[in-house]
Amino acid sequence: MCRTNRSTWLVSVLIGAWLASGACEQQSASSDASGAPPATGPIRVGHYGSLTGPQASFGVATSNGIRMAIEEFNAAGGLNGRRIELIEYDTKGDAREAGAVVQRLVSSDRVVAVLGEVASGLSLAAAPICQENRVPMISPSSTNPRVTKAGDYIFRICFIDPFQGYVGAKFAREQLQSSRAACLFDQSAPYSVGLNEAFRKEYTALGGTITTEQAYNEGDQDFTAQLSTIRATNPDLVYIPGYYTDVANIALQARRLGITVPLLGGDGWESPKLVDIGGAAIEGAYFSNHYSPEDPDPRIQAYVAKYKAKYGDTPESMATLGYDAAVLPFDAMKRAKSLAGPDLRDAIAATKDFQGVTGKVTIDQDRNAVKPAVILQVREGKMRWVATVEPRR
Ligand code: PHE
């Protein structure tokens with residue numbers, strides 16, 4: 001029995017090699033000699049995500065969105081009657097693991113497309129494998145510009161960090177009237193390094209001064225040295241382009257050290273854990289993000305209602321980007337000459353004005369999506385919409 005839709009990753013992680021070498025042989029055997037995917041039976045799509053580990057809320061939310069999209073597509077008849085079958089593996093938030101499972105998706109499972117990852121560092125690790133095997137990869141939410149530079153098979157459905165840095169800088173300068181920002185970034189994450197650079201560039205271009213740039217590594221517990229230096233430079237804002245667990249710990253320690261100025265960050269903040277850990281220290285802080293489930297747009301509200309009915313909670317950006325990242329290749333499959341890598345790639349690259357839940361998506365020549373961003377604020381433990389920033393022209 002080949003792996004099926006539900007709890008596949010768990011099974012796969014335990015006995016993946018055995019299954020891959022034996023049970024799925026029939027599937028590979030039915031492909032033609034050119035390596036084209038089988039023309040009948042379920043259409044296999046892969047997802048690799050952090051289902052456990054320090055970024056578990058990223059992978060689980062993304063998986064929820066992907067599963068909902070697949071269920072809807074299959075319920076509506078699939079692709080000319082062919083169902084989508086999801087094959088999913090856990091990266092545990094680890095780059096090496098990401099490479100290993102994506103290798104398995106493209107060579108043993110013979111998926112027609114790969115969805116993932118959330119964290120840019122993990123997408124960077126797996127993209128060359130998809131490129132080499134000519135299997136289109138679509139990242140739902142990796143925002144580092146280098147991700148899609150791995151080659152012409154690598155796409156994303158989200159905006160990129162040069163834009164996200166601009167959004168943060170513009171909001172800081174114009175709405176918060178900030179003129180002296182300090183930065184504290186995660187030097188172990190390509191995402192954080194890149195977003196920090198983008199913010200610095202845009203903030204200074206808008207006339208602001210960066211008082212200091214301090215670094216930490218994911219999982220650090222003590223930020224006293226960096227925060228003391230930051231405090232001594234007397235900033236009117238602290239920009240923290242990191243992931244939620246570290247950001248929450250930084251906020252707690254910053255407030256304890258008497259830093260009372262606004263905190264600002266990016267999409268890596270989005271998790272219920274930010275507030276669980278950060279509590280009162282994170283109240284009032286702002287971050288840029290992909291969409292807001294509070295947006296009154298009827299398309300968003302219809303989606304949020306469906307998601308809530310299915311999973312019992314409000315979909316975060318990752319869930320919704322996961323949903324959009326799955327629907328996009330389904331749409332492309334309908335337009336593609338065949339499901340072979342080069343044909344599906346061409347159809348994805350030709351995507352124009354695709355209406356996702358997170359916005360209208362046109363894939364640009366660098367295989368990135370051009371879309372607006374939102375600014376959210378933590379208020380009474382909830383992430384409330386504050387502003388929408390349109391793409392630069
Ligand atoms: N953009 C982040 C990265 O590239 C990941 C992320 C996306 C985190 C969306 C939270 C929400 O690493």
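We use all heavy atoms of the structure for the numbers below, so side chains are in, but hydrogens, waters and symmetry mates are not. These figures come from a predicted structure and were not determined experimentally. Counting starts at 1 for both ligands and their atoms, following the listed order.
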Nearest non-hydrogen protein atom, atom 6 (C) of ligand 1:
Val118 CG1, 3.5 Å
Numbering as shown, the atoms of ligand 1 that approach Phe58 to under 4.0 Å (heavy-atom distance)
8 (C), 10 (C)
With clusters built from Ile, Leu, Val, Met, Phe, Trp and Tyr whose side-chain heavy atoms come within less than 4.5 Å, directly or transitively, what are the remaining members of the cluster of Ile160, listed by chain and number?
none
What protein heavy atom sits nearest atom 12 (O) of ligand 1, and how far away is it?
Tyr243 OH, 2.5 Å
Tell me whether Asp366 contacts the main-chain N or O of Asn368 through its side chain, where contact means a donor paired with an acceptor under 3.5 Å.
no
Would you mind listing which atoms of ligand 1 come within a distance below 4.0 Å of any non-hydrogen atom of Ser142?
4 (O)
Distance filter under 4.0 Å to Gly268 heavy atoms, resulting ligand 1 atoms:
8 (C), 10 (C)
Between Glu117 and Thr91, is the side chain to side chain donor-acceptor pair (under 3.5 Å) condition met? List the steps.
CA-CA 9 Å; Glu117 232 264 2; Thr91 62; 2.8 Å; yes
Closest protein heavy atom to atom 4 (O) of ligand 1, given as residue, atom name and distance to 0.1 Å
Ser120 OG, 2.5 Å
Does the Arg299 side chain pair with the main chain of Val357, one donor and one acceptor, at a distance under 3.5 Å?
no
Just let me know how Ser317 lines up against ligand 1, side chain, backbone, both or neither, with a heavy-atom cut-off below 4.0 Å.
neither
Take atom CZ in Arg379; do more than 12 heavy atoms of anything else shown fall under 6.0 Å from it?
yes
Is it the side chain, the backbone, both or neither of Trp269 that has a heavy atom closer than 4.0 Å to ligand 1?
neither
Does any N or O of ligand 1 fall below 3.5 Å from an N or O anywhere on Ser141, backbone included?
yes
Within a distance under 4.0 Å of any heavy atom of Ala119, pick out the atoms of ligand 1 and give their elements.
12 (O)
Can you hop from Tyr291 to Val378 via hydrophobic side chains spaced under 4.5 Å?
no
Does the ring center of Tyr191 lie less than 6.0 Å from the ring center of Tyr243?
yes
Using distance alone, determine whether Asp161 and ligand 1 share an N or O pair under 3.5 Å.
no
Show which atoms of ligand 1 fall inside a sub-4.0 Å distance from at least one heavy-atom site of His290.
9 (C)
Looking only at protein heavy atoms, which one is nearest to atom 1 (N) of ligand 1, and how far off is it?
Asp267 OD2, 2.7 Å
heavy-atom search around atom 11 (C) of ligand 1 in the protein gives Met318 SD, 2.9 Å
Which one holds for Glu316 and ligand 1: side chain close, backbone close, both close, or neither close, with close meaning a heavy atom under 4.0 Å?
neither
Are the side chain of Asp222 and the backbone N or O of Thr224 linked by a donor-acceptor pair below 3.5 Å?
yes
Result block: side-chain N/O donor-acceptor pairs under 3.5 angstrom for residues 340-348, not counting sequence neighbours:
residue, atom, partner, partner atom, Å
Asp343, OD2, Ser338, OG, 2.7
Arg345, NH1, Asp152, O, 2.7

Rounded to the nearest 0.5 Å, what separation is found between the CD atom of Glu71 and the NZ atom of Lys310?
3.5 Å
